[in-house]
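Everything on this sheet refers to the single structure shown next.
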Amino acid sequence: MKAYTVILPTFFVALVLAIFPMPRMLDYIRPEWVAMTLIFWVLVSPSKAGIFLGFVMGLLVDVMHGDVLGQNALAMSLLAYLCMLLQSRMRLYNSIQQSFLVFVLVGLYLLVSFWVESIVLGQGKMALLWPSVGSALIWPLWYNVMFSVRQYFRA
Amino acid sequence: MAVFLSVALMLADQNLSTTVHLRSFLGLFITPVQLVSSLPAQLGDWAEGTAVSRTTLLDENKRLRHEGLILKQKVQQMVSLRAENNRFRELLSASEQLDDKVLVAELIGVDPDPYTHHIILNKGSEHGVFVGQPILDAQGLMGQVIDVLPYTSRVLLVADSNHAIPVQVNRNGVRAIAVGSGKLDELALIYVPDTADIQEGDQLVSSGLGSRYPKGYPLGEITTIEHDPGEPFAFVKAKPAAYLDRSRYVLLVFSKASELPDISFSVEQKASEEAE
């Protein structure tokens with residue numbers, strides 16, 4: 001239970017970062033903060049963070065972006081599942097290899113989200129590639145920040 | 001399990017109206033996120049307001065007082081003019097035209113998605129905001145509400161490429177449809193015949209057809225017209241009158257057809273109080 005007093009605030013920060021105003025140009029490569037935070041928690045404590053957490057966070061993202069309910073929830077659940085499959089391998093990787101894997105995972109997350117959106121709206125309006133690149137670039141920094149937060153609170 | 005749940009939710013959200021409750025419940029968690037993300041801007045505003053010099057404030061105060069006086073005088077004229085107007089309308093046996101009530105809201109966020117033009121306002125269903133409600137700024141029409149949470153709401157701007165609004169040319173009443181181009185400073189008029197009497201510089205106002213936007217609010221000004229003999233319609237571009245990328249305070253319009261909450265600010269009442 002104590003772990004969640006750290007996990008949930010980090011998701012709050014990630015949600016704020018996800019809608020924080022930025023220059024228009026940077027918007028195109030805005031990292032998927034919530035997805036990255038989910039990957040981190042599944043990676044370091046798979047017993048606490050899993051598919052259900054991904055589902056709930058995805059729902060919050062849906063409401064925040066005004067998308068159809070369930071779009072990001074589905075994509076986040078799948079992301080959490082993939083992470084759980086990969087986590088024992090991913091922990092051994094160095095940060096460049098991890099970044100590459102994050103690029104692929106966030107890309108898949110966006111792809112699923114894009115599929116749902118194009119089914120629901122008849123057209124998808126989001127970019128797939130650039131946010132994944134942004135996420136991969138920021139991943140080593142985010143991983144270290146989150147890791148020291150986790151160490152500090154001993155979650 | 002989660003996959004089934006998500007798919008079920010998506011179907012429910014598409015076809016049923018009960019997910020509104022779930023949405024507004026989850027919205028309670030999202031509102032603090034939106035408020036925190038708008039903090040730096042609010043802090044900037046506050047600092048600007050606090051650090052301003054005394055003389056500037058005095059100057060501004062004086063200017064505003066003058067402006068207020070001029071406006072008051074105009075309102076006095078308005079009262080008699082409105083009464084006169086109504087008498088004429090009665091003579092023509094037309095229905096009496098009432099003022100629309102408005103509620104002032106503040107912009108607290110812009111959707112980060114670069115492919116859409118949505119903004120977030122700090123008023124929600126608790127304040128009586130409803131889906132489809134028109135939004136104005138001091139210059140003209142801005143857009144309409146598309147999603148309502150308890151304390152915030154999401155607005156689709158007229159420049160979004162998913163938005164269209166029926167308009168009229170103010171000069172001669174020619175009707176057209178203005179769709180967003182995806183660029184904040186450009187609207188396109190579609191299905192305009194080559195022979196239509198539209199000129200550069202013409203003012204566009206909402207026509208009230210489609211009964212979503214109230215009639216007669218300014219939308220923009222025609223900037224360019226191109227006639228291509230090979231195309232069935234003319235290419236007409238317009239520039240929105242509202243400051244879509246600058247306005248911080250906007251007006252939520254309660255047309256007389258819609259429900260009116262107690263907190264809304266009534267221009268007409270103020271005017272009649274002052275006249276007494």
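Source: prediction; values computed, not measured. Each chain gets a letter, A, B and so on, in the order its sequence line appears, and its residues count up from 1.
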Note: vs chain B, highest number of non-hydrogen pairs under 4.5 angstrom among A/Val68, A/Leu74, A/Leu69 is A/Leu69
Would you confirm whether A/Arg30, through its side chain, and A/Phe20, through its main-chain N or O, come within 3.5 Å as a donor-acceptor pair? yes
Heavy atoms under 4.5 Å from chain A: which residues of residues 137-149 of chain B carry them? B/Asp147, B/Leu149
Sort A/Leu78 into side chain, backbone, both or neither according to what part of it lies under 4.5 angstrom from a heavy atom of chain B. side chain
With no hydrogens and no angle check, do the side chains of A/Ser135 and A/Trp142 hold a donor and an acceptor under 3.5 Å apart? no
Which heavy atom of A/Met36 sits nearest to which heavy atom of A/Trp139, and what is that distance? O-CZ3, 3.5 Å
Contact part of A/Ala80 toward chain B, heavy-atom cut-off under 4.5 Å: side chain, backbone, both or neither? neither
Would you list the atom pairs, donor with acceptor, under 3.5 Å between side chains in residues 36-48 of chain B and any protein atom, with sequence neighbours excluded?
residue: B/Ser37; atom: OG; partner: B/Gln34; partner atom: O; Å: 3.0
residue: B/Ser38; atom: OG; partner: B/Leu35; partner atom: O; Å: 3.0
residue: B/Asp45; atom: OD2; partner: B/Arg248; partner atom: NE; Å: 2.9

Look at A/Gly54, A/Ser77, A/Pro131, A/Gly66 and state which one has the largest set of heavy-atom pairs under 4.5 Å with chain B. A/Gly66
Taking every heavy-atom pair that is under 4.5 Å apart, which of A/Ile51, A/Leu59, A/Leu26, A/Val13 has the most such pairs with chain B? A/Leu59
Of the backbone (N, CA, C, O) and the side chain (C-beta and beyond), which part of A/Val56 lies under 4.5 Å from a heavy atom of chain B, both, or neither? neither
More than 12 heavy atoms of other groups within 6.0 Å of A/Ile96 CD1: no
Cationic N near anionic O, under 4.0 Å, A/Asp62 to B/Arg23: no
Which heavy-atom pair separates B/Asn122 from B/His127 by the least distance, and what is that distance? O-CE1, 4.0 Å
Using ring centroids (six-membered ring only for Trp), state whether B/Tyr115 and A/Tyr28 fall under 6.0 Å. yes
Closest non-hydrogen atom pair between A/Ala75 and A/Ser113, with its separation: CB-N, 4.1 Å
